[in-house]
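Given the structure is predicted, the values throughout are model-derived calculations rather than measurements. For this chain, numbers begin at 1 and follow the sequence in order.
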Amino acid sequence: MSTISDITRLARKRFDCDLFALQTTGIVIEEVGDLYARCSLSSNECHQNARGVLMGGVIYTIADFAFAIAANSRCVADNRPFEWVSLSADIHYLAAASLGNIEACCRCLYFGGRTAVFETLVSDAQHQVFAKVTTTGMKI
């Protein structure tokens, strides 16, 4: 298995075709480890909803992208095709999120042969968690 910095570099290259997450939304892959990923986003007015706070879809997008990277981190490290997709996701918006820097940290809670469960916490620059996503992944 590669070091975290090697896996991060490889993940950035492998996921560079995810144009919605990277180009449209502006998410950055910060760190990748074994069944772990951390992504960030400098949100601005184009990410806000009609109330002027961060759009729920943006929050879900960064969490979903972090899940995809974490779930497939072993595939990235071993240079194999991606094997894991989201089967279901449950998001809890805990508080309204202001525009600015946000971060999604995804960790594996259970990793089985055909299914896995991951938890992603989305927080602001002060590390206050404002959303929690539990994603069940399925090996394809």
- Here the gap from Met138 atom CE to Ser88 atom OG, rounded to the nearest 0.5 Å, amounts to 10.5 Å
- Message: Which heavy atom of Ala11 sits nearest to which heavy atom of Val76, and what is that distance?
- Response: N-CG1, 3.5 Å
- Among side-chain atoms of Glu30 and Ser40, is any donor-acceptor pair under 3.5 angstrom? yes
- Item | Nearest heavy atoms of Val53 and Ala97, plus distance in Å | CB-O, 3.4 Å
- Single-linkage hydrophobic cluster, 4.5 Å side-chain cutoff, Leu94 and Tyr60 together: no
- Message: Is there a path of hydrophobic side-chain contacts, each under 4.5 Å between heavy atoms, that joins Ile102 and Phe67?
- Response: no
- Shortest non-hydrogen contact from Leu54 toward Ser43: CD1-CB, 3.6 Å
- side chain to side chain contact (heavy atoms under 4.5 Å, CB included) partner of Tyr36, chosen from Cys108, Cys106, Cys105: Cys105
- Item | Spatial distance of atom SG (Cys75) from atom NZ (Lys139) [nearest 0.5 Å] | 7.5 Å
- Task: Dump the intermediate steps for side-chain contact (heavy atoms from CB on, under 4.5 Å) on Arg38 and Glu103, then the final yes or no.
- Result: CA-CA 7 Å; Arg38 183 171 56 86; Glu103 181 175 272; 3.1 Å; yes
- Task: Over all heavy atoms of both residues, which pair between Ala131 and Ile59 is shortest? Give the atoms and the distance, please.
- Result: CB-CG2, 3.6 Å
- Item | Within-4.5 Å side-chain heavy-atom neighbours: Phe130 and His92 | no
- Answer with yes or no after comparing the ring centroid distance for Trp84 and Phe118 against a 6.0 Å cut-off, counting only values under it. no
- dist Phe15:CZ -> Leu10:CG (nearest 0.5 Å) comes out at 11.5 Å
- Message: To the nearest 0.5 Å, what is the distance between CD1 on Ile29 and OG1 on Thr8?
- Response: 8.5 Å
- Query: Is it the case that Asp90 and Thr134 place a side-chain donor and acceptor less than 3.5 Å from each other?
  - Reply: no
- Message: How close do Ser123 and His127 get, counting heavy atoms only, and between which atoms?
- Response: CB-C, 3.9 Å
- Message: Assigning hydrophobic clusters by single linkage (Ile, Leu, Val, Met, Phe, Trp, Tyr; side-chain heavy-atom cutoff under 4.5 Å), is Ile62 placed with Leu99?
- Response: yes
- Side-chain heavy atoms under 4.5 angstrom apart, residues restricted to Ile, Leu, Val, Met, Phe, Trp, Tyr: same cluster for Leu22 and Ile7? yes
- Query: What's the verdict on side-chain contact (heavy atoms from CB on, under 4.5 Å) for Leu41 and Thr25, showing C-alpha distance, side-chain angles and the deciding distance?
  - Reply: CA-CA 8 Å; Leu41 171 67; Thr25 308; 4.2 Å; yes
- Message: For the CZ atom on Arg80, are there more than 12 heavy atoms of other groups (residues, nucleotides or ligands in this structure) within a distance under 6.0 Å?
- Response: yes
- Do side-chain atoms of Asn72 reach the backbone of Glu83 as a donor and acceptor pair under 3.5 angstrom? yes
- Message: Do Val32 and Leu35 sit in one hydrophobic cluster, given that two such residues count as connected whenever their side-chain heavy atoms are within less than 4.5 Å of each other, even indirectly?
- Response: no
- Taking the six-membered ring for Trp and the single ring otherwise, decide whether the centroids of Phe65 and Phe20 are under 6.0 Å apart. no
- Output the distance between atom CG (Asn79) and atom NZ (Lys13), rounded to the nearest 0.5 Å. 9.0 Å
- Do Met55 and Gln48 touch side chain to side chain, with heavy atoms closer than 4.5 Å? no
- Item | Distance in Å, His47 NE2 paired with Thr61 OG1, rounded so as to fall on 0.5 Å steps | 9.0 Å
- Query: Would Tyr110 and Thr115 satisfy side-chain contact (heavy atoms from CB on, under 4.5 Å), going step by step from the backbone distance to the final call?
  - Reply: CA-CA 8 Å; Tyr110 166 79; Thr115 62; 3.8 Å; yes
- Query: Which pair of heavy atoms, one from Gly56 and one from Tyr93, lies closest together, and at what distance?
  - Reply: O-OH, 3.1 Å
